[in-house]
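Working notes, beginning with the structure itself.
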Amino acid sequence: MRPMFYSLFALCFLMPAYAQTVDFIKELEPAILQCTYRCTMKLDTLGTDTKTDRMILRIGKNISQFYSYTAYRTDSIWKTPNGKRIWGNAMVRAIRSKNHAQMPNANMVTNDYIYKNYPEGKLSTYAQLGVTSVQIEEDYTGQDWTLQDSTKTLLGYPCQLATCSFRGRDYQAWFTSDIPIANGPWKFKGLPGLILEVYDTQRHYQFQIEGIERTNIAPVCFYYTTPDPQNAERIDRIRYLQLVTEGNAGIPTFLRETGLGSKKPEDDQRQHITHDYLERDYHKNVYTSSSTGQHK
């Protein structure tokens, strides 16, 4: 059953990316700012294989949300009456052409929807683990930053460099005091200004600002496409990362067998070893219970 599980698990992460307008199901608060970032994820140490996704950071007075626009488009079409058929047809075309780039969601970096300070004092991540909607809740503490002297300009804003170590990676971030909002892409926060660019020192992950909007923006909300917050299963952050890793272990084989990936198993293994998640601290944790996710 394990090979079938891995194939099904892989397919759940390879859903379609098609634009569709959907309504939000719950407004949390009006947004005062929306930022678009280009997220580049390096898949190997040479940097010759990358994914590039578009990420949205929507900021309200108290709460912000962050998500992949590709994931949003994916989920919106998947939850329509014809979504499964459209996705299936796209997968068939990709397999027949043996072109990985044509796979649905080939460039999706993450399917997480992240809410800062929701509920108050917490950071909540809603994600899809196979066919199960899950919620990861953690303290909204941010990072321990050190300000540096270096400066540069991004989108016309003067920026200053700050550095930190966070969950297994060392980061450099460029923030602007001209926008005095202590927020940024992904889980980053806590600087005296908006983070316009941030990357780990190995450049495995990089978020670069592309645009900032202040008017005619949607509220901070739960979309119809978001994993259902009412029925999401609570799970520990570390346990979630371990389960995703276990599920993704079958994807290289699935891609190779369908003609979409490398023909050499050692090439797949090389990429699997060199690529890792933004948070790497899950490697050192040992669990006492796979159901509760409580670690020592």
Side-chain angles (χ1 to χ4, degrees), residues 32-42 45 47 50-53 55-68 109-110 112 114-118 120-125 136-212 236-238 240-241 274-285 295:
I32 59 175
L33 198 71
Q34 177 170 300
C35 305
T36 303
Y37 294 87
R38 180 173 72 253
C39 176
T40 303
M41 179 178 71
K42 188 184 297 184
T45 54
T50 62
K51 285 186 178 183
T52 301
D53 202 351
M55 317 298 290
I56 305 297
L57 171 64
R58 190 171 297 135
I59 303 172
K61 183 178 179 181
N62 302 296
I63 306 168
S64 67
Q65 66 180 125
F66 181 77
Y67 61 93
S68 158
V109 170
T110 179
D112 295 350
I114 298 174
Y115 292 82
K116 293 173 184 166
N117 204 38
Y118 182 82
E120 186 175 357
K122 300 292 182 179
L123 185 149
S124 296
T125 301
I136 304 103
E137 187 175 287
E138 54 190 288
D139 290 337
Y140 183 41
T141 55
Q143 298 76 36
D144 184 13
W145 296 98
T146 300
L147 301 185
Q148 307 293 339
D149 294 330
S150 300
T151 61
K152 70 176 182 179
T153 301
L154 293 168
L155 281 188
Y157 292 98
C159 296
Q160 182 179 350
L161 178 66
T163 57
C164 77
S165 295
F166 185 64
R167 294 177 178 172
R169 292 185 185 273
D170 297 324
Y171 290 97
Q172 296 183 343
W174 296 91
F175 70 96
T176 178
S177 300
D178 284 8
I179 305 177
I181 297 175
N183 212 322
W186 190 52
K187 298 182 179 182
F188 295 113
K189 60 160 286 187
L191 284 168
L194 182 68
I195 298 173
L196 301 188
E197 182 178 17
V198 58
Y199 45 83
D200 68 285
T201 52
Q202 293 180 301
R203 299 288 182 125
H204 287 173
Y205 291 87
Q206 183 170 12
F207 298 93
Q208 296 172 290
I209 193 69
E210 288 193 325
I212 299 175
D236 177 85
R237 178 182 65 84
I238 298 290
Y240 168 72
L241 290 171
T274 56
H275 167 260
D276 205 349
Y277 302 106
L278 271 162
E279 296 166 299
R280 304 166 79 178
D281 54 341
Y282 69 96
H283 291 290
K284 62 183 179 182
N285 286 271
H295 53 86

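Ring planes of Phe207 and Tyr37: perpendicular class, angle over 60° (limits at 30 and 60°).
The side-chain heavy atoms of Pro158 and Asp178, taken from C-beta on, include a pair separated by under 4.5 Å. Two residues are said to be in side-chain contact when any heavy atoms from C-beta on lie closer than 4.5 Å; Ile63 and Lys116 fail this criterion. You'll find the side chain of Tyr140 stays beyond 4.5 Å of the side chain of Tyr115, heavy atoms only. Counting only heavy atoms from C-beta outward, the side chains of Arg237 and Asp281 approach each other to under 4.5 Å. Two residues are said to be in side-chain contact when any heavy atoms from C-beta on lie closer than 4.5 Å; Leu33 and Ile179 meet this criterion. Taking 4.5 Å as the limit, every side-chain heavy atom of Tyr205 sits out of range of all side-chain heavy atoms of Trp186. Inter-residue side-chain proximity for Thr36 and Ile56 is flagged as met; some heavy-atom pair is nearer than 4.5 Å. Residues Leu155 and Thr176 are not in side-chain contact: their nearest non-hydrogen atoms beyond the backbone lie 4.5 Å or more apart.
In this structure, CZ on Arg38 lies 5.0 Å from CD on Glu210, to the nearest 0.5 angstrom. Taken from NZ in Lys51 to OG1 in Thr40, the straight-line distance is 12.5 Å, to the nearest 0.5 Å. Rounding to the nearest 0.5 angstrom, the gap separating the CD1 atom in Ile114 from the CD atom in Gln65 is 11.0 Å. Distance CG/Leu196 to CZ/Phe175: 10.0 Å, rounded to 0.5 Å. Rounding to the nearest 0.5 Å places CD1 of Ile181 at 4.5 Å from CD1 of Ile32. Put simply, CD1 on Ile195 and CG on Leu154 are 12.0 Å apart, with the number rounded to the nearest 0.5 Å.
Gln206 pairs by the side chain to side chain donor-acceptor pair (under 3.5 Å) definition with Glu197, not counting sequence neighbours. Judged as a ring pair (Phe, Tyr, Trp, His ring centres under 6.0 Å), and not counting sequence neighbours, Tyr157 has no contacts.
Contact between Cys39 and Met55 at its shortest, heavy atoms only, is CB-CG, 3.5 Å. Scanning all heavy atoms of the two residues, the minimum distance from Tyr67 to Arg58 falls at OH-NH2, 3.0 Å.
Partner of Asp276 under the side chain to side chain contact (heavy atoms under 4.5 Å, CB included) criterion, chosen from His204, His283, Gln202: His283.
A donor atom on one side chain and an acceptor atom on the other are not found under 3.5 Å apart for Arg167 and Tyr282.
For Asp200 and Lys42, the salt-bridge test fails: no basic side-chain N is under 4.0 Å from an acidic carboxylate O.
Sorted by first and then second residue, the side-chain hydrogen bond (donor to acceptor under 3.5 Å, both in side chains) pairs involving residues 141-151 (not counting sequence neighbours) are Gln148-Thr163.
The cationic group of Lys187 does not satisfy the cation-pi geometry with Phe166, failing either the under 6.0 Å distance to the six-membered ring centre or the 45° limit from the ring axis.
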